[in-house]
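We number each residue from 1, following the sequence as shown. No hydrogens, no waters, no symmetry mates; every other heavy atom, side chains included, goes into these values. All values derive from a computational prediction rather than experimental measurement.
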Amino acid sequence: MSRMTSAPAPAPWGHRCLSYDDPAAFETAAHDFLAEGLAAGERVWYIAATPPSGWEFQPELITLGDHYRLDGVVDPDEGVAAYAAVTERALAEGRTGLRVAADATPLVRTAAQLDAFARYEHRVDRYMRDHPFSALCGYDRRALGVAACDELACLHPESDAQFRLYATPAEVADAGLAGELDDASRSLLALALDRAEPSPAAGELVIDATGLTFIDHNSLLDLDAYARRRGLTAVLRTRLFSAAHLAELLDLPSLRVERAG
């Protein structure tokens with residue numbers, strides 16, 4: 001199957017992450033996010049420990065315990081299936097889609113929970129590429145720490161993370177990369193790739209990197225090593241001339257850099 005050489009216009013559905021220090025910041029962001037959905041005819045859910053106050057509209061209030069197991073580890077596939085079912089019900093009711101603002105802090109307090117939920121974040125991101133479902137995910141930095149929040153934020157296409165690894169439409173690529181990749185992000189990129197588990201249909205892992213603003217030589221070496229371990233060729237499509245030049249100098253056997261138009 002041939003693929004486009006650059007991504008199309010962004011889909012109307014979004015997957016955002018907000019790591020916050022003040023709960024009021026998440027509540028404000030959730031208000032604006034859900035108000036947009038309500039105006040667009042979507043079903044809107046607010047999932048948090050406490051209901052919002054002073055809003056001019058009333059979203060559907062869902063407790064975390066109603067939708068997730070608070071004392072367990074999320075199953076990524078089951079989590080996606082649950083939201084897919086709610087999205088389909090919303091469409092059957094005449095809504096235009098589903099929009100959720102969820103403070104998921106209590107769901108990622110242990111190492112096992114964090115690992116599973118990060119994998120789930122990318123799986124649900126894949127679902128959002130082709131379905132009318134969007135989400136704003138909130139994480140409390142005071143409770144989880146900066147490192148854990150970074151592990152989650154980098155798996156959202158919209159976040160303040162240094163880089164983002166996210167799902168793309170199948171006709172574009174197997175995954176997308178945006179932001180900056182350098183020495184500070186090396187271990188996090190390796191972890192994100194492991195959790196995302198991009199699954200190319202053939203022997204090439206195509207990455208739409210048109211959103212990358214910087215990539216250093218070590219990150220190129222890491223992508224080459226990742227592809228080689230999996231018996232793949234990684235194809236990095238980027239607008240960065242420097243990336244193509246570096247790859248040529250490094251002579252990477254399992255990474256091909258293509259200039260995107």
Phe163 side, atom CZ; Asp182 side, atom CG - distance, nearest 0.5 Å: 10.0 Å
Taking the side chain as every heavy atom from C-beta outward, state whether Arg129 and Pro157 have any atom pair closer than 4.5 Å. yes
Nearest heavy atoms of Trp55 and Ala30, plus distance in Å: CH2-C, 3.9 Å
Compare every heavy atom of Leu246 with every heavy atom of Ile215, then report the nearest pair and how far apart it is. O-CD1, 4.1 Å
Does Val100 share a hydrophobic cluster with Phe57, counting links as ILVMFWY side-chain heavy atoms below 4.5 Å and allowing steps through other members? no
Working note: Tyr20 + Thr105, criterion side chain to side chain contact (heavy atoms under 4.5 Å, CB included); need CA distance, chi angles, decisive distance, verdict. CA-CA 10 Å; Tyr20 65 84; Thr105 302; 3.9 Å; yes
Start with the C-alpha gap between Tyr226 and Leu189, add the side-chain angles, then the distance that decides, and say whether side chain to side chain contact (heavy atoms under 4.5 Å, CB included) holds. CA-CA 10 Å; Tyr226 174 85; Leu189 175 61; over 6 Å; no
For a quick test of reading the model, state the closest non-hydrogen atom pair linking Arg259 to Ala244 and the distance between them. CD-CB, 4.1 Å
Transitive ILVMFWY side-chain link Leu64 to Phe117, under 4.5 Å: yes
Closer than 3.5 angstrom, by distance alone: can the side chain of Asn218 be matched with the main-chain N or O of Asp183 as a donor-acceptor pair? no
Does some side-chain heavy atom of Leu252 sit less than 4.5 Å from a side-chain heavy atom of Leu220? yes
Spell out, as yes or no, whether a donor-acceptor pair under 3.5 Å connects the side chain of Arg99 to the backbone of Leu34. no
Side-chain ion pair, Asp22 and Arg142, N-O less than 4.0 Å: no
Should Leu61 and Pro52 count as side-chain neighbours, where that means a heavy-atom distance under 4.5 Å? yes
Test log, rule side chain to side chain donor-acceptor pair (under 3.5 Å), inputs Asp216 and Ser219: CA-CA 6 Å; Asp216 68 353; Ser219 297; 2.7 Å; yes
Would you indicate whether the side-chain heavy atoms of Ser134 and Phe33 approach each other to under 4.5 Å? yes
Any Cys137 side-chain heavy atom under 4.5 Å of Leu152 side chain: no
Is it the case that over 12 heavy atoms from other parts of the model lie below 6.0 angstrom from the CD atom of Glu93? yes
Using 30° and 60° as the class boundaries, would you call the ring planes of His67 and Tyr83 parallel, tilted or perpendicular? tilted
Okay, side chain of Ser254, backbone of Ala227: is any donor-acceptor separation there less than 3.5 Å? no
Would you name the heavy atoms of Cys17 and Ala153 that are closest together and state the gap between them? SG-CA, 3.7 Å
Any link between Leu155 and Leu212 through a network of hydrophobic side chains (Ile, Leu, Val, Met, Phe, Trp, Tyr) touching at under 4.5 Å? yes
Thr63 side chain vs Asp66 backbone, donor-acceptor pair below 3.5 Å: yes
Once the angle between the rings of Tyr139 and His156 is folded into 0 to 90°, is it parallel (under 30°), tilted (30 to 60°) or perpendicular (over 60°)? perpendicular
Would you call Leu136 and Leu18 a side-chain contact if the rule is heavy atoms closer than 4.5 Å? yes
Heavy-atom check, side chain of Pro253 versus side chain of Arg228, under 4.5 Å: yes
Given side chain to side chain contact (heavy atoms under 4.5 Å, CB included), test Asp194 with Arg119 step by step and report yes or no. CA-CA 9 Å; Asp194 176 66; Arg119 295 174 188 276; 3.0 Å; yes
Are Phe214 and Leu223 connected in the hydrophobic side-chain network, where two residues link if heavy atoms are under 4.5 Å apart? no
Report the distance from atom CG of Asp32 to atom CD of Glu27, rounding to the nearest 0.5 Å. 11.0 Å
Taking atom types as modelled, is there a side-chain donor on His15 or Glu121 under 3.5 Å from an acceptor on the other? yes
Check: His31 ring centre within less than 6.0 Å of Tyr46 ring centre: no
d(Leu191 CG, Asp115 CG) to nearest 0.5 Å is 7.0 Å
Find out if a path of hydrophobic residues (ILVMFWY) with successive side-chain heavy-atom gaps under 4.5 Å connects Val74 to Met128. yes
Scanning both residues in full, the closest heavy-atom pair of Asp77 with Asp75 reads N-OD1, 3.1 Å
Between CG on residue Leu177 and CG on residue Leu236, distance to nearest 0.5 Å: 7.0 Å
Nearest 0.5 Å, please: how far is CZ in Arg43 from OG1 in Thr96? 12.5 Å
Ion pair check, Glu36 and Arg16, cut-off under 4.0 Å: yes
Are any side-chain N or O atoms of Arg256 and backbone N or O atoms of Thr233, one a donor and one an acceptor, separated by less than 3.5 Å? no
Side-chain heavy-atom pair Leu107, Gln113 within 4.5 angstrom cut-off: no
Considering all heavy atoms of both residues, which atom of Cys149 and which atom of Leu144 are nearest to each other, and what is their separation? SG-CB, 4.1 Å
Using atom types as modelled and distance alone, determine if a side-chain donor or acceptor of Asp208 lies under 3.5 Å from a backbone N or O of Gly176. no
Any chance you could measure Arg237, atom CZ, to Ile207, atom CD1, to the nearest 0.5 Å? 11.0 Å
So Phe26 and Asp140, side chain to side chain contact (heavy atoms under 4.5 Å, CB included) or not? Walk me through it. CA-CA 9 Å; Phe26 175 74; Asp140 189 338; over 6 Å; no
Between Arg164 and Glu158, is there a salt bridge with N-O shorter than 4.0 Å? no
Ring geometry between Phe133 and Tyr127 (parallel below 30°, tilted from 30 to 60°, perpendicular above 60°): tilted
